[in-house]
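Worksheet for the structure shown next.
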Number of protein chains: 2
Amino acid sequence: MTTTNKYMNIFHELSNDIEKGIYEPNTLLPSEHELCDRFATSRETIRKALTLLSQNGFIQKMRGKGSLVLGINKMEFPVSGIVSFKELQKSLGRDTHTTVHKLELNETNDWLSSQLECDPGSFVWEIARARTIQGERVILDKDWILQSHVPSLTEEICADSIYAYFENKLGLAISYAKKEFTVEPVTDEDRALLDLDGDSHIVLVKNFVHLEDTMLFQYTESRHRLDKFKFVDFARRK
Amino acid sequence: MTTTNKYMNIFHELSNDIEKGIYEPNTLLPSEHELCDRFATSRETIRKALTLLSQNGFIQKMRGKGSLVLGINKMEFPVSGIVSFKELQKSLGRDTHTTVHKLELNETNDWLSSQLECDPGSFVWEIARARTIQGERVILDKDWILQSHVPSLTEEICADSIYAYFENKLGLAISYAKKEFTVEPVTDEDRALLDLDGDSHIVLVKNFVHLEDTMLFQYTESRHRLDKFKFVDFARRK
DNA sequence: TAGTGGTCTAGACCACGTG
DNA sequence: ACGTGGTCTAGACCACTAG
């Protein structure tokens with residue numbers, strides 16, 4: 001994990017050290033001055049790295065004392081942020097499988113062009129994938145992606161990780177997303193593609209994904225079985 | 001909204017300008033250099049304010065071009081972060097009411113002392129409050145608060161905002177929280193205190209709230225009726 | 001008083017986008 | 001070539017915590 005950024009490298013090095021237990025919870029990190037020496041850099045650069053650690057729940061900075069290592073981020077899964085299903089399951093070391101039920105190139109209808117804020121008649125990839133975790137089909141991911149950004153797409157790519165394909169093969173820069181969490185009644189499609197046990201509702205996570213140029217290029221509905229849904233967030237008071 | 005911080009003041013001023021439409025979506029903010037002149041400050045200070053705008057979804061910074069104003073944050077409610085019920089409803093201008101069903105000072109049992117990571121036998125305030133929105137009781141908030149931090153508490157305070165009391169009257173510095181979202185079967189208590197229409201489940205938001213000294217001082221369960229639950233998040237790709 | 005983090009400055013050089 | 005944002009520096013002064 002080496003980027004060209006000094007402060008990002010320092011952030012990754014320190015966060016790895018914390019996760020590996022080199023710095024233990026309820027102990028202090030070296031002072032900013034000491035870190036300046038260790039990384040041969042200026043204090044503002046160290047502080048950028050420490051700010052990232054603080055925002056991600058690794059440390060609590062305390063004026064006059066130092067940076068205290070916190071005990072969260074221990075094997076908890078932080079779905080907060082933009083993390084793909086594949087990335088998340090990999091980080092958890094889970095036994096999973098993806099079944100591609102649909103991969104079509106269609107013209108948008110009115111509803112879809114309003115969700116994607118695109119011209120009516122634009123072409124979009126429509127994908128439906130069921131996620132099997134420990135033998136049960138518990139998540140249905142439905143994706144709509146503007147073809148203008150993704151010329152071609154195959155079942156193999158969908159069964160693996162479309163994000164890895166977008167970022168590594170197509171060079172798309174995924175930048176930010178708006179997410180909405182609600183609970184909705186199950187549809188016939190949910191019942192057909194998931195193991196629902198007669199549940200009446202699913203958790204719906206709508207995801208509006210934007211590129212660096214702010215273009216909205218993907219709309220995703222992630223439909224989770226109630227008992228398998230969990231979302232963990234870390235927040236700081238403004 | 002004036003703090004002692006230059007960059008916070010600049011952040012608030014610019015975010016207000018964006019919300020008031022002085023800077024419109026899909027237009028560029030003045031360049032960092034121009035903002036330096038306008039606010040009579042250095043570029044790094046301007047950049048701290050712009051970083052906050054970016055993290056909160058107000059702008060997209062684009063190298064070589066400028067800072068583009070985004071169109072989100074328009075009347076959407078951002079439950080992300082630590083915001084109390086009262087603060088949220090006030091910002092939405094909603095007609096709400098709070099009914100206090102329980103306010104007791106009890107000794108912790110095993111389950112509670114593990115949730116609050118405190119010594120068994122510590123005393124905690126136990127609060128149960130139902131939230132009525134537009135005539136329906138749709139949220140049940142259950143709070144457990146260490147008495148060591150909050151010596152006394154009244155029904156009047158609970159009916160208003162306990163956060164305002166903690167921060168303004170007691171001078172407690174609420175700093176960060178870990179939140180967990182799940183869906184759980186309804187309990188008899190849910191059925192008694194909420195208008196559930198025969199729902200089988202509620203959305204449970206667990207909230208572990210810490211002070212600036214990292215002390216865990218409050219554990220909250222917020223139980224939402226399925227059809228009234230909505231959570232909106234803004235996330236940036238790492 | 002010494003050490004810590006919080007803020008701010010006035011530069012510097014680089015990478016990117018546009019003309 | 002020029003203006004933009006991205007990174008980095010080497011200081012400064014302040015506020016807070018501790019012994």
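Residue numbers start from 1 in every chain, and the chains themselves are labelled A, B, ... in the order their sequence lines are given, proteins ahead of strands. This is a predicted model, so every value here is computed, not measured.
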Response to the item:
In whole angstroms, the gap separating P of dT7(D) from CZ of F11(A) amounts to 14 Å

Worksheet item: Does dG6(D) have OP1 or OP2 sitting under 4.0 Å from an N or O in the side chain of R47(B)?
Response: yes

Fill in: Of the listed nucleotides dT4(D), dT9(C), dT4(C), the one nearest the side chain of E44(B)
dT9(C)

Worksheet entry | Whole-Å distance separating the CG atom of N5(B) from the C1' atom of dA15(D) | 12 Å

Discussion item. What is the separation between atom CG on D37(A) and atom C1' on dA10(D), rounded to the nearest whole Å?
Written reply: 14 Å

Discussion item. Strictly below 4.0 Å, N to O, side chains only: are E32(A) and K61(A) in salt-bridge contact?
Written reply: yes

Response to the item:
In whole angstroms, the gap separating P of dT7(D) from CG of N9(A) amounts to 12 Å

Worksheet item: Do F231(A) and D233(B) have side-chain heavy atoms sitting under 4.5 Å apart?
Response: yes

Discussion item. So, does S31(A) get its side chain near the phosphate of dG3(C), meaning an N or O under 4.0 Å from OP1 or OP2?
Written reply: no

Worksheet item: Donor-acceptor pair under 3.5 Å: do we get one between R63(A)'s side chain and the base of dG3(C)?
Response: no

Fill in: Distance test, side-chain N/O of S42(B) to OP1/OP2 of dG11(C), below 4.0 Å
no

Discussion item. Quick check on dT7(C): is either OP1 or OP2 less than 4.0 Å from any side-chain nitrogen or oxygen of T45(B)?
Written reply: no

Worksheet item: Would one find a side-chain N or O of Y7(B) under 4.0 angstrom from OP1 or OP2 of dT7(C)?
Response: yes

Practice prompt. Look at R38(A) together with D17(A) and state whether they make a salt bridge at an N to O cut-off of under 4.0 Å.
Written response: yes

Worksheet entry | Identity of whatever pairs with dG19(D) - Watson-Crick or G-U, under 3.5 angstrom | none

Item to complete: Nearest whole angstrom, please: distance from the C1' of dG5(D) to the CG of L53(B).
Response: 15 Å

Worksheet item: Choosing from dC8(D), dG5(C), dC8(C), which nucleotide comes nearest the side chain of K6(A)?
Response: dC8(D)

Worksheet item: Counting only side-chain N and O atoms of S67(B), is one of them less than 4.0 Å from OP1 or OP2 of dT4(D)?
Response: no

Worksheet item: So, S222(A) and R131(A): side-chain donor and acceptor under 3.5 Å apart, yes or no?
Response: no

Worksheet item: Is any side-chain nitrogen or oxygen of K65(A) closer than 4.0 Å to OP1 or OP2 of dA18(D)?
Response: yes

Worksheet item: In terms of side-chain heavy atoms, does Q218(B) have a donor or acceptor partner in T220(B) at a distance below 3.5 Å?
Response: yes

Worksheet item: Separation of E32(A) atom CD from dG6(C) atom C1', in whole Å?
Response: 8 Å

Practice prompt. Could you check how far CD of E34(B) sits from C1' of dG3(D), rounded to whole Å?
Written response: 10 Å

Fill in: Length of the line joining R43(B):CZ and dT7(C):P, which is rounded to integer Å
20 Å

Worksheet item: Reckon K61(A) has a side-chain N or O less than 4.0 Å from the OP1 or OP2 of dG6(C)?
Response: yes

